[in-house]
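To keep things clear, I will list the structure first and then write my remarks on it.
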Amino acid sequence: MSTQTGHIDAAGKKMGMWFFLFTEILFFGGMFLLYSIFRYKYAQDFHNAAAEENIVLGTVNTAILLTSSLCIALSISAIRRGERFFSSWLQLVTIVMGVAFLVIKYFEWMAKIDIGIYPDSPVLLKMGGGQTLFFGLYYVMTGLHGLHVLVGCVVIAFMMHFTMKQTINRGNVARLENTGLYWHFVDIVWIYLYPLFYLIT
Amino acid sequence: MKDSSGETRIIATRAYVAVWLVLLVLLAATLAVARLQLLARYSVLGSLLIATVKAGLVLAFFMHLKYEGRFLKGLLLLTLSALGLFIGLTFADVWYR
């Protein structure tokens with residue numbers, strides 16, 4: 001696409017983002033691999049440990065992330081139609097949902113920490129075997145996922161700034177689209193974390 | 001993104017909302033399957049299948065994979081195959097150790 005402001009290689013930018021997402025798939029994939037091996041070896045322990053999870057909060061958080069994905073997708077359609085304010089508003093709603101997800105996650109973690117379940121805690125070490133591994137994986141995987149949500153919120157905040165400054169506009173959407181791809185990817189990771197930690201008991 | 005005719009495609013709001021509604025229905029379904037033990041011993045498989053359908057919907061529509069060319073789809077398949085290979089080989093080791 002060639003414009004008066006110079007050449008914008010939207011296809012190249014998108015491809016670069018996808019390559020990054022491939023590395024992210026393998027990054028999280030390694031942890032999913034660990035989870036499946038340990039689940040296979042300690043099926044009963046994982047079953048018991050998963051009963052500790054708050055299924056209501058997990059389900060609400062899944063609904064929040066799915067809805068936030070809708071919002072960022074709609075914000076891209078909006079900017080393509082030239083609706084700058086509506087687009088930034090949808091980006092703001094996405095950030096608010098990301099923050100809500102993290103706040104709920106905070107309460108989940110605190111509820112566990114309060115009953116002595118946190119990495120290397122005496123309670124956890126006494127549980128032994130599979131349960132210790134389950135909660136270790138829980139903290140590592142939801143923690144790294146939460147970090148991705150946090151990074152996503154910060155990046156979307158920058159996109160809001162660019163959208164209002166109109167450096168993101170209907171002819172130059174690549175940065176917002178790549179942000180959307182990243183956000184949807186983080187959503188997909190959660191789509192798998194939810195059944196593995198909350199449902200499979 | 002561009003479709004084959006080179007036009008920038010704007011996916012209709014209605015289509016996105018429809019995908020989102022299906023995702024919420026699938027969320028309810030996966031919760032029901034798990035809580036009511038609907039599939040009994042196949043509940044793990046059921047939950048992961050539903051998760052994969054959800055991930056597929058997000059990939060196809062929200063991430064526009066449906067409208068991408070073969071190259072990108074092939075690269076994604078290659079990545080997922082690599083991950084599948086890692087998991088498969090590791091399990092082979094665990095099973096036959």
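Sequence lines set the chain letters: A, B, ... in the order given, protein chains first and strands last, and positions in each chain run from 1.
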Original post:
Which residue, A/Tyr138, A/Phe46, A/Phe28, forms the ring-ring contact (aromatic ring centres under 6.0 Å, His included) with A/Tyr35?
Top reply: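 Going through the options one by one, the only one that passes is A/Phe46.
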Subject >> A/Phe27, A/Phe197, A/Trp190, A/Tyr192 screened by ring-ring contact (aromatic ring centres under 6.0 Å, His included) with A/His145, the one that passes >> reply: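 Only one option passes, and that is A/Trp190.
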Side chain, backbone, both or neither of [X] within contact of chain A (heavy atoms, under 4.5 Å):
X: B/Leu65; answer: side chain
X: B/Phe61; answer: neither
X: B/Leu76; answer: both

Original post:
Any side-chain donor-acceptor pair under 3.5 Å between A/Glu177 and A/Tyr182?
Top reply: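 Absent: no donor and acceptor within the cut-off.
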**OP:** Say whether A/Tyr194 and B/Ser47, considering side chains only, have a donor N or O and an acceptor N or O under 3.5 Å apart.
**Re:**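 On atom types as modelled, these side chains do not qualify, holding no pair under 3.5 Å.
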Original post:
Counting N and O atoms only, with roles assigned by atom type, does the side chain of A/His148 sit under 3.5 Å from a partner on the main chain of A/Leu144, one being a donor and the other an acceptor?
Top reply: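 Such a contact is found between A/His148 side chain and A/Leu144 backbone.
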Original post:
In chain order, what residues pass the side chain to side chain contact (heavy atoms under 4.5 Å, CB included) check against A/Leu33, with sequence neighbours excluded?
Top reply: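 Partners of A/Leu33 under the side chain to side chain contact (heavy atoms under 4.5 Å, CB included) test: A/Ile37, B/Ile87, B/Thr90.
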Under 4.5 Å, counting heavy-atom pairs only, tell me which of [options] racks up the most with chain A.
options: B/Phe86, B/Trp95, B/Phe71; value: B/Trp95
options: B/Val94, B/Leu31, B/Leu72; value: B/Leu72
options: B/Leu24, B/Leu48, B/Val58, B/Ile50; value: B/Val58

Below 4.5 Å from any heavy atom of chain B, which atoms of [X] appear? Answer side chain, backbone, both or neither.
X: A/Leu21; answer: side chain
X: A/Tyr40; answer: side chain
X: A/Ile188; answer: side chain

Subject >> Ion pair B/Asp93/B/Arg97, N-O distance below 4.0 Å >> reply: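 Salt bridge flag = yes for B/Arg97 with B/Asp93.
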Original post:
With the threshold set at 4.0 Å, does a side-chain nitrogen-carboxylate oxygen contact exist between A/Glu83 and A/Arg170?
Top reply: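 Here A/Glu83 does not pair with A/Arg170 in a salt bridge, since their nearest N and O are not under 4.0 Å apart.
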Original post:
Once the angle between the rings of A/Trp89 and A/Phe86 is folded into 0 to 90°, is it parallel (under 30°), tilted (30 to 60°) or perpendicular (over 60°)?
Top reply: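 Plane angle under 30°, so parallel.
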**OP:** Hey, can you tell me if A/Phe158 and A/Phe162 have their rings parallel, tilted or perpendicular (30° and 60° cut-offs)?
**Re:**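 Tilted.
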Subject >> Contact listing (chain B partner; residues 57-72 of chain A; heavy atom under 4.5 Å) >> reply: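 Those residues of residues 57-72 of chain A which have a heavy atom under 4.5 Å from chain B are A/Thr59, A/Thr62, A/Ala63, A/Leu66, A/Thr67, A/Ser69, A/Leu70.
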**OP:** Look at A/Pro195, A/Ser36, A/Ala78 and state which one has the largest set of heavy-atom pairs under 4.5 Å with chain B.
**Re:**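 Top count of heavy-atom pairs under 4.5 Å with chain B: A/Ser36.
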**OP:** Between chain B and each of A/Gly29, A/Ser77, A/Gly30, A/Ala174, count heavy-atom pairs under 4.5 Å; write down the option with the most.
**Re:**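 Going by pairs under 4.5 Å, I would pick A/Ser77.
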Original post:
To the nearest 0.5 Å, how far apart are OG1 in B/Thr30 and OH in A/Tyr198?
Top reply: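 These two atoms lie 14.0 Å from each other.
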